[in-house]
Amino acid sequence: MNSDLGTELAGRVTRAIQATTGLALTHEEALVRPSARAGVDYQCDVAMSLGRKVGKAPREIAAQLVEHLDSADLLAEAVVAGPGFVNLVLSAEALQGKANALLGDPRFGVPAVEPRRIAIDYGSPNVAKEMHVGHLRSAIIGDALARMLRFAGHEVLPHNHLGDWGTPFGMLIEHLPEVTGDIADLNAFYREARARFDADPEFADLARKRVVLLQSGDEATLASWQRLVDESLKHFDAVYELLGVGLTRDDVYGESFYNPYLDGIVEALKGISEISDGAVCVFPDGFTNREGDRLPLIVRKRDGGYGYAATDFATFRYWTGERGATDLLYVVGTPQAQHFAMLFAVCRQAGWLTDEQHAEHLGFGSVLGEDGKMMKTRAGKSIRLVELLTEAVERAAAIVAERSTLPETEQAAVARAIGIGAAKYADLSSDRERDYTFSYDRMLAMEGNTNVYLQYANTRGRSILAKSEEDGGPILLTKPQERELVLTLLRFPSAFASALESYAPHKLCTYLYELATAFSQFYTHCHVLKEENAEVRKSRLSLARLSSDALVLGLSLLGIETPQRL
């Protein structure tokens, strides 16, 4: 029996509708949704949408639906309400049976899907520059989606598309001998090189010549370039480790990786490219500027250098051709939406993107300061990501020190989990396509849809289990709060499916907040350890365990750690 009640009810509704009207509906068209009305678990609105189609009043259709609904094993009642709504109330026996089926199920009813091989591009910092707040969303969202895709059963091929090639590396490599040892401050190094380039014509000329040496494969120049990459990766690795993001050195596929493929891109696009002002360009259909002129993707510039589009075409062909990816996902800021739309259009025109494959740009909005503007330092510069995260941990540490009874040796680890988790959850709980405001006070709040609130709910559950000297037992429903908690637990599969289908982690966050709220109500109104009835007490222990396990699983899919104690 499927533990996803909404899916199961939708299936039964579609069969009843087909029996009474002859119409074959999808589960989505059955319009079965959880109800906010007291005493009603689900509501079905399908009759309201079928009146004109079948030539009957919606209330008559609803009555026929109820009559033919195969539901004796699942529903306590199905009642027609208003002009044609159907209110569905689940039986206690069915709810108990489904809840007990979750005990010991590490997937919480989530079925494994037919696996696809999914390449996902996220991270993408630039070599010789510190990761800043603008890199936060790509790393966090990409990592969460990679975790969710793997949990669903897909093979995930993450790749960190580093900006590690191009003309700026001439000045950076030429400036590198000025540095001994590690580059402690990448941003300062970059600014110094730029300042020399702008102020010293002799240095600028050497830098331009260095670009030619780099692109021609000069060994000494490549060795200096590799040193820059390695120095940068040390910084990136430290940030990813602090964030708990799973990108590793094995996932690094910088622009330089695709450099050997670029000549082949020009050759492969000969049939659909054209020369425009000396450059090799592709003009995908339907893309124009405000004046109505065609918009190009520049494959090779007139000076012989390659445009960003060439690297993106090479990336696409590598992951679909050589790595066999069925899906390509790009977690890149929303301003790049048109570029990716044009890229996909050309790939389809060239025959590289087929009907069996899927490519999608998963855009995201900006991180704003509390003034509603792009988040910057007081000096107007981008905020270093490591500084942002360090402050989140420090603020969490102050809260833990004030409220926690844990030994100091444990407090540091808890503060890190809470602070980093708060920063990640604040991002992921926002619709990824929209801008969101970064606020330490808001994301570390004890109340509301925050990581701290969820963590607190989880540790309450773990505390009950730690204090108990007995195991849980079969789940029984004796109070409304138990029933509401079970209904919420059973929505885990549909919440996960909805979040993954639209690549929207905030939908999973919303569900986890609802689960934490339902558990808090249960915790407040239902005694567990002090309950005298042994069967009820053991049932509530099982509910506490299920709630904690669901919160831990859900947060882990978002890349967030869950301390056992606060």
Quiz item: Stepwise, does the side-chain contact (heavy atoms from CB on, under 4.5 Å) test hold for F169 with V127?
Solution: CA-CA 9 Å; F169 284 88; V127 163; 3.6 Å; yes
Show me the donor-acceptor pairs, under 3.5 Å and distance only, between side chains in residues 296-308 and residues at least two apart or in other chains.
| unit_1 | atom_1 | unit_2 | atom_2 | d |
| --- | --- | --- | --- | --- |
| R302 | NH1 | D277 | OD1 | 3.4 |
| D303 | OD1 | G305 | N | 2.9 |
| Y306 | OH | D263 | OD1 | 2.1 |

Quiz item: Going by atom types only, do S429 and N449 share a side-chain donor-acceptor pair under 3.5 Å?
Solution: no
Quiz item: Between R249 and D237, is a salt bridge (charged side-chain N to carboxylate O under 4.0 Å, His left out) present by the stated rule, with each step listed?
Solution: CA-CA 8 Å; R249 296 287 180 98; D237 289 347; 2.6 Å; yes
Exercise. Scan W319, F257, F316 and name whichever one has a ring-ring contact (aromatic ring centres under 6.0 Å, His included) with H159.
Key: W319
Practice problem: For E255 and N259, test the side chains for any donor-to-acceptor distance below 3.5 angstrom and give the result as yes or no. | Solution: no
Quiz item: ring-ring contact (aromatic ring centres under 6.0 Å, His included) with H175: which residues, sequence neighbours excluded?
Solution: F189
Quiz item: Side chain of T450, backbone of A445: donor and acceptor closer than 3.5 Å?
Solution: yes
Donor-acceptor list for residues 332-343 side chains, cut-off 3.5 Å, not counting sequence neighbours:
| unit_1 | atom_1 | unit_2 | atom_2 | d |
| --- | --- | --- | --- | --- |
| T334 | OG1 | F364 | N | 3.1 |
| T334 | OG1 | F364 | O | 3.0 |
| H339 | NE2 | D312 | OD2 | 2.6 |

Exercise. Indicate yes or no: does E561 engage R416 in a salt bridge with an N to O separation below 4.0 Å.
Key: no
Quiz item: CG/L31 to OG1/T26 distance, rounded to the nearest 0.5 angstrom?
Solution: 8.5 Å
Exercise. For T390 and E387, test the side chains for any donor-to-acceptor distance below 3.5 angstrom and give the result as yes or no.
Key: no
Self-check item: Y330 and F344 aromatic ring geometry - parallel, tilted or perpendicular at 30°/60° bounds
Solution: tilted
Practice problem: Could I get the full list of ring-ring contact (aromatic ring centres under 6.0 Å, His included) partners for F492, not counting sequence neighbours? | Solution: F108, Y511
Quiz item: So, do E370 and F438 sit near enough that their side-chain heavy atoms are less than 4.5 Å apart?
Solution: no
Quiz item: Are E202 and R208 close enough for a salt bridge, meaning some N to O gap below 4.0 Å?
Solution: no
Quiz item: Which residues pass the ring-ring contact (aromatic ring centres under 6.0 Å, His included) test with Y240, sequence neighbours left out?
Solution: none
Practice problem: Taking only Lys NZ, Arg NE, NH1 and NH2, and the carboxylate oxygens of Asp or Glu, determine whether E192 and R196 approach each other closer than 4.0 Å. | Solution: no
Practice problem: Using modelled atom types only, decide if a donor and an acceptor are shared between the side chain of N160 and the backbone of S124 within a distance under 3.5 Å. | Solution: yes
Quiz item: Does one side chain, of E130 or H132, offer a donor that lies under 3.5 Å from an acceptor on the other?
Solution: no
Exercise. Considering only NZ, NE, NH1 and NH2 on the basic side and carboxylate oxygens on the acidic side, decide whether D355 and R348 come within less than 4.0 Å.
Key: yes
Practice problem: Using the ring of Y318 (Phe, Tyr or Trp, six-membered ring only), decide whether R323 places NZ or CZ under 6.0 Å from its centre and within 45 degrees of its axis. | Solution: no
Exercise. Show your working on side-chain contact (heavy atoms from CB on, under 4.5 Å) between V252 and L233 and close with a plain yes or no.
Key: CA-CA 9 Å; V252 171; L233 287 173; 4.0 Å; yes
Exercise. Before accepting this row, confirm whether a basic side-chain N of the pair R432/D427 lies closer than 4.0 Å to the acidic partner's carboxylate O.
Key: no
Quiz prompt | With sequence neighbours excluded, residues passing ring-ring contact (aromatic ring centres under 6.0 Å, His included) with Y190 | solution = none
Practice problem: Could you tell me whether the side chains of T221 and R210 share a donor-acceptor contact shorter than 3.5 Å? | Solution: yes
Quiz prompt | Derivation and outcome, salt bridge (charged side-chain N to carboxylate O under 4.0 Å, His left out), residues D230 and K234 | solution = CA-CA 6 Å; D230 291 342; K234 291 179 187 176; over 6 Å; no
Self-check item: Over 12 non-hydrogen atoms of neighbours within 6.0 angstrom of CD in E178
Solution: yes
Self-check item: R33, CZ: over 12 other non-hydrogen atoms inside 6.0 angstrom
Solution: yes
